[in-house]
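Accompanying notes for the structure given below.
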Amino acid sequence: MTTVQLHDLRFEPFISEQELGRAIDVVAVGINAKYAGMRPLFIGVLNGSFFFASELLKRITIECEITFVKVASYHGTTSTGQVHQLIGLNERIHGRHVVVLEDIVDTGNTIEHLMGVLADHQPASVSVAALLFKPAAYKKDLPIEHVAMRIPNDFVVGSGLDHDGLGRNLPGILRLIKD
Ligand code: 5GP
């Protein structure tokens, strides 16, 4: 794949679809082992997690359920730190083993907020599975237990991740070309 222009920014190939697939395989093996017999409830955080949720769930072989919520918190190429309301949580969480599915964990603001909201519903346990994790940007103590790939603090798109609405459909992960 060559470089791609999205609005005002140019992106270059960074992680291939195949490499992502292999990393998701590993996450799925861990979750299948940990949650066997526990019927976990996966909660995908929209919009970005649709790709990861789909790819991960294809590989989950144990009994499970999935639902989606929406949290809007990000505009442009740096995290604003502003987190809005959680929309669409209709399932009964009480006593359930919950696995939150995120496209990417950057500063951790979004996931910390979400964990706070979920804790109010008294789940039996909550863990986080993320397609991408930026350890250098992460500011929280909460463990991100299931991570497909750790990446540097670059702005990336593809596989569900966008730049102002564009790029979610691109296969693999592309990173911003800085000039
Ligand atoms: P956090 O709250 O952890 O700082 O950011 C989480 C959200 O910010 C993600 O769900 C995602 O929507 C957005 N985000 C963080 N880093 C990136 C990135 O490199 N690329 C894109 N497209 N979105 C990002």
Side-chain angles (χ1 to χ4, degrees), residues 1 3-17 19-20 23-24 27 31 41-57 66-89 98-120 126-179:
M1 200 202 304
T3 62
V4 174
Q5 182 84 31
L6 300 175
H7 299 298
D8 51 329
L9 302 178
R10 243 187 135 66
F11 293 84
E12 62 187 358
F14 177 34
I15 301 169
S16 73
E17 218 180 334
E19 209 180 330
L20 266 192
I24 298 169
V27 171
I31 291 176
L41 173 64
F42 293 96
I43 301 182
V45 183
L46 292 172
N47 291 327
S49 77
F50 72 86
F51 166 87
F52 181 44
S54 158
E55 290 299 310
L56 181 68
L57 268 285
I66 181 153
T67 189
F68 289 91
V69 296
K70 197 158 186 173
V71 183
S73 67
Y74 201 83
H75 304 283
T77 58
T78 55
S79 188
T80 60
Q82 192 191 354
V83 178
H84 302 287
Q85 195 64 38
L86 196 160
I87 306 158
L89 186 61
V98 171
V99 183
V100 178
L101 304 180
E102 268 282 16
D103 52 357
I104 187 164
V105 177
D106 183 344
T107 63
N109 287 333
T110 307
I111 202 69
E112 184 177 74
H113 173 76
L114 199 56
M115 296 301 250
V117 174
L118 291 174
D120 291 342
V126 191
S127 71
V128 182
L131 178 63
L132 302 175
F133 178 45
K134 295 181 183 173
Y138 193 58
K139 295 195 180 82
K140 310 292 177 188
D141 298 324
L142 183 86
I144 308 301
E145 210 174 312
H146 310 281
V147 174
M149 300 207 73
R150 287 168 177 76
I151 62 166
N153 201 359
D154 295 325
F155 184 71
V156 295
V157 295
S159 298
L161 290 150
D162 73 313
H163 166 45
D164 285 345
L166 295 182
R168 293 192 197 276
N169 56 310
L170 297 171
I173 299 294
L174 298 90
R175 99 178 124 194
L176 178 66
I177 301 172
K178 298 171 196 154
D179 12 61

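Only heavy atoms go into these numbers, but all of them, side chains included; no hydrogens, no water, no symmetry mates. All residue numbers in this chain count up from 1 along the given sequence. Order of listing sets the numbers, starting from 1, for every ligand and every atom in it.
- Under a 4.0 Å criterion applied to the non-hydrogen atoms of V156, ligand 1 contributes the atoms 18 (C), 19 (O), 20 (N), 21 (C), 22 (N).
- Counting atoms of ligand 1 from 1 in the listed order, those under 4.0 Å from a heavy atom of D162 are 21 (C), 22 (N).
- Near K134, the atoms of ligand 1 lying under 4.0 angstrom from a non-hydrogen atom of the residue are 16 (N), 17 (C), 18 (C), 19 (O).
- Taking only nitrogen or oxygen atoms, main chain and side chain alike, T110 reaches within less than 3.5 Å of ligand 1.
- Within the 4.0 Å heavy-atom cutoff, G108 counts among the residues contacting ligand 1.
- Relative orientation of the F155 and F11 rings is tilted, given thresholds of 30° and 60° on the angle between their planes.
- Within the structure, the closest approach of I111 to ligand 1 does not fall below 4.0 Å when heavy atoms are considered.
- The option from I104, I144, D164 that lies nearest to atom 14 (N) of ligand 1, judged by heavy atoms, is I104.
- Residues satisfying the side-chain contact (heavy atoms from CB on, under 4.5 Å) test with D154, not counting sequence neighbours, are P152, R175, K178.
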Show, in sequence, the C-alpha distance, side-chain angles and deciding distance for M115 and V128, and conclude whether the side-chain contact (heavy atoms from CB on, under 4.5 Å) test is met.
CA-CA 9 Å; M115 296 301 250; V128 182; 3.6 Å; yes
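- The heavy-atom pair separating S49 from L101 by the smallest distance is CB-O, 3.4 Å.
- Formation of a donor-acceptor pair under 3.5 Å by the H7 side chain with backbone atoms of D164 is found in this model.
- Within a 6.0 Å sphere centred on CG of D120, other residues, nucleotides and ligands contribute more than 12 heavy atoms.
- Considering only residues two or more places apart in sequence or on other chains, F14 meets the ring-ring contact (aromatic ring centres under 6.0 Å, His included) condition with none of them.
- Considering only non-hydrogen atoms, atom 5 (O) of ligand 1 lies nearest to D106 out of D154, V157, D106, L131.
- Looking at L161 next to ligand 1, no N or O pair under 3.5 Å apart turns up.
- In the vicinity of E102, heavy-atom distances shorter than 4.0 Å reach the ligand 1 atoms 10 (O).
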